[in-house]
Amino acid sequence: MDFDLLNEWQQEAVQTVDGPVLVLAGAGSGKTRVLTSRVAYLVNMCNIDPYNVLAITFTNKAAKEMKERIVSMLGPIAYDIQISTFHALGVLIVKENYEKAGFKPNFTILDSDDTLTLIRKILKDLNLDPKIYNPKAVRNQISGAKNNLFDSKDYSRYANSEFEQIVLKVYEIYEQKLIVNNSLDFDDLLMIPIKIFKKHPEVLKHYQERFKYILIDEYQDTNEAQYIFVKMLSAKYKNICVVGDNDQSIYSFRGANYHNILNFEHDYPNCKVIMLEKNYRSTKNILSAANNVIKNNKERKDKNLWTDNIEGTKIKYHRAYDEKDEANYVLSEIKELIKNGEKSRDIAILYRTNAQSRNIEEALLRDNVPYRVIGSFYFYNRKEVKDLIAYLKIIYNPSDDVSLLRVINVPKRGIGDKTIKSLTAKSNLENISLFDAIDSGKEQGFKDLILELKELSEKITLTELVDVILDKTGIKAELESEKSIEADIRLENLEEFKSITKGYEESKGIVSLEEFLNEISLVSDVEEYKNNEDLVTLMTVHSAKGLEFKNVFLIGLEEGIFPHQNSFFDAGELEEERRLCYVAITRAKERLWIINAKRRTLYGLDSVNPPSRFIAEIDSSLLDADSFEKEVVNKSYSIDENIEYQIGEHIMHNNHGEGVVVSVEDKVITVAFPHPIGIMKLIKGHSSFHKI
DNA sequence: AAAGAATGGCTTTTT
DNA sequence: GCCATTCTTT
């Protein structure tokens, strides 16, 4: 372990062991290194029992990385250190104290989709129109309450408006359902431990004694529940070190409150504050641009990142004609980079909203540039995978209504609305789960199947269980008989799922269903586990936080997109957009492109957007704006309104190839292109296509 | 109950 | 313009 590699501020952050410590770590200031070194220092130099150390992160990925690094520094002794996300720690505490919170040991975890399903069902059972009472809004309201540690009782004191009264009603039922279903939602994983701590001081004391030294990463992103949770755990010994950057707080829409980090000194009066302002990541130009942008925020702690790195190239600014042109520009720049020997894995394309990836993907696909899209839940969000997981969940916890509703008729067993209605009535009346309400009919067959699988699940391995499920439920047979490409892809995905369970078993030995479900309930993306391939990375700026790339393309920097139009009317939200922009810029190590489009089709409408205000905030001497107007002239489209079309005529389109006119209207024609483009409306006489 | 048609809504989302 | 959910038809 080589502490000499740390700069003076980093060393101080590592070696200030006792008492509260606040580390304000700017982007690229070696934060991760400080965290891992500090843990190593505690164990190695201060003789602190690894069992007494707790390190909390927000993502599984961060936890996994930290664990790996510390294991490589300390050896196997590091496995005794509790390094996990807030939520994984919550699961651990609930597992160890389930009966104190009214749960059974085989509880399952609902993700936010499951939660929404449950809320939709409750609204339906209450005969409330989801058009008037938007299920998502209800869910967000309940989740927001839980993040602030308000249970339905607390909430009832604040519910005034008619909508809030409805939410209250739903919230009360929702709480009951979770207990009957023996299920916890994400928010419960924090709220329930806190409830236990408050009600059972001896339990809190137990964890305080266990976790004498606490480290929290990304502290600016903690919400009220996490804040209280940490405060309670650290109250006795106050050996708490929080690391974060208020300028990178970008999750307030999920309840994160960066005032937690700004107020730390106030909460822990004798704390030591350490500023990490030396940046090791980016060139001077990139860093200056980031500083230029963020200094326009009013609500922040003044801090200025600096670096010894070279000045570097200027930031390339390109204004494209439209979103297709934007994608083509990115493509041509990437091809140029790769031609010059750059690796694909050193290139990232960042955007504000997921919908923006589409055009880029099309361009990259067209030219066979290998890429991956992060965070679009490709895998776990697939229907067949969700169905399989629902089977696993209901086998483990038959009271799980959400999973039951998902798969009771998958594959089709002739169980429909009527059956569900009568089961629901019975379950509501007797306060039992839907599963327990089953006592006859076709649904009895389903119940027996689950019970049979449950018994089996205790005897065979996880991967074998998956096989048996696919077999006995008829999922496999149904897909195999379909003989379509889509069905084949689904089967492949299910095979892929088996390779995940196999992977678990290979690395951990026998994995129980319980262990597996706990883990995958808290993981949203399998891609987290493979990033060695040489691929261009596409992702939202949010998902890019904590990462760095040699070359970064920041696309869609337009008013309305970035900053997003929803933030226009709220100063606080605009500042969050600016922080997001700061995060985006500081991802780049060597080269940064800022790109936008003059016009863009958004939600099917054509819009013309001015360049983002954030571009104007960057000193123009840092920008290398290319002659985009020239580009536009080259690519400009003209329209000849005099051309008429007949149904059945063939046309050739610059981007989509040959197509057939299928209908003719006043100003537009509809053209059918071969799969996968399909039907498109085109403006008559547009120069992007011509008759053939 | 299942399949096809229409409606609507829409940022970000570590867990 | 695209998806998911809900409505309508068979």
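Note on naming: letters A, B, ... go to the chains in the order of the sequence lines (proteins, then strands), and numbering restarts at 1 for each one. Everything numeric in this text was worked out from a predicted model, so none of it was measured.
The nearest whole Å value for the distance from the CZ atom in A:R120 to the P atom in C:dA4 is 11 Å. Between the CZ atom of A:R382 and the P atom of C:dC3 there is a distance of 12 Å, rounded to whole Å. Atom CD1 in A:I520 sits roughly 13 Å away from atom P in B:dT15 (whole-Å rounding).
At the heavy-atom level, A:K418 lies under 4.0 Å from the strands shown only through sugar-phosphate atoms. A:D187 comes within contact range of no nucleotide atom at all, as no heavy-atom separation falls under 4.0 Å.
In the displayed structure, A:D606 atom CG is contacted under 6.0 Å by more than 12 heavy atoms of other residues, nucleotides or ligands. Taking a 6.0 Å sphere around NZ of A:K124, one finds it holds 12 or fewer heavy atoms contributed by other residues, nucleotides or ligands.
Within 3.5 Å, no donor on the side chain of A:R254 pairs with an acceptor on the base of B:dT14, nor the reverse.
The two atoms that bring A:R413 and A:L449 nearest to each other are NH2-CD2, 3.9 Å, heavy atoms only.
The salt bridge (charged side-chain N to carboxylate O under 4.0 Å, His left out) with A:D113 is formed by just one residue from the set A:K136, A:R120, A:K383, A:K386; it is A:K386.
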| request: For each nucleotide in nucleotides 3-12 of chain B, reading 5' to 3', give B when a protein heavy atom comes within less than 4.0 Å of its base, S when such contact involves only the sugar-phosphate, and - otherwise. | output: S------BBB
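Under the 4.0 Å criterion applied to side-chain N and carboxylate O atoms, A:D114 and A:K393 are assigned as salt-bridge partners. With respect to A:E558 and A:K598, no salt bridge is recorded, no charged nitrogen being found less than 4.0 Å from a carboxylate O. Salt-bridge annotation for A:E218 and A:K545: present, with a side-chain N of the basic residue lying under 4.0 Å from a carboxylate O of the acidic one.
Contact annotation: A:N60 does not reach the phosphate of B:dT14 (side-chain N/O to OP1 or OP2, under 4.0 Å). Between C:dC3 and A:R358, a contact under 4.0 Å exists linking OP1 or OP2 to a side-chain N or O.
Taking the P atom of each, C:dT5 and B:dT12 are spaced 16 Å apart, rounded to whole Å.
Not a single donor-acceptor pair under 3.5 Å links the side chain of A:S567 to the backbone N or O of A:P563. Put simply, the side chain of A:N409 gets close to the backbone of A:I415: a donor and an acceptor are under 3.5 Å apart.
For the strand DNA chain B, secondary-structure stems (runs of at least three Watson-Crick or G-U pairs, all distances below 3.5 Å) span B:1-10 with C:1-10.
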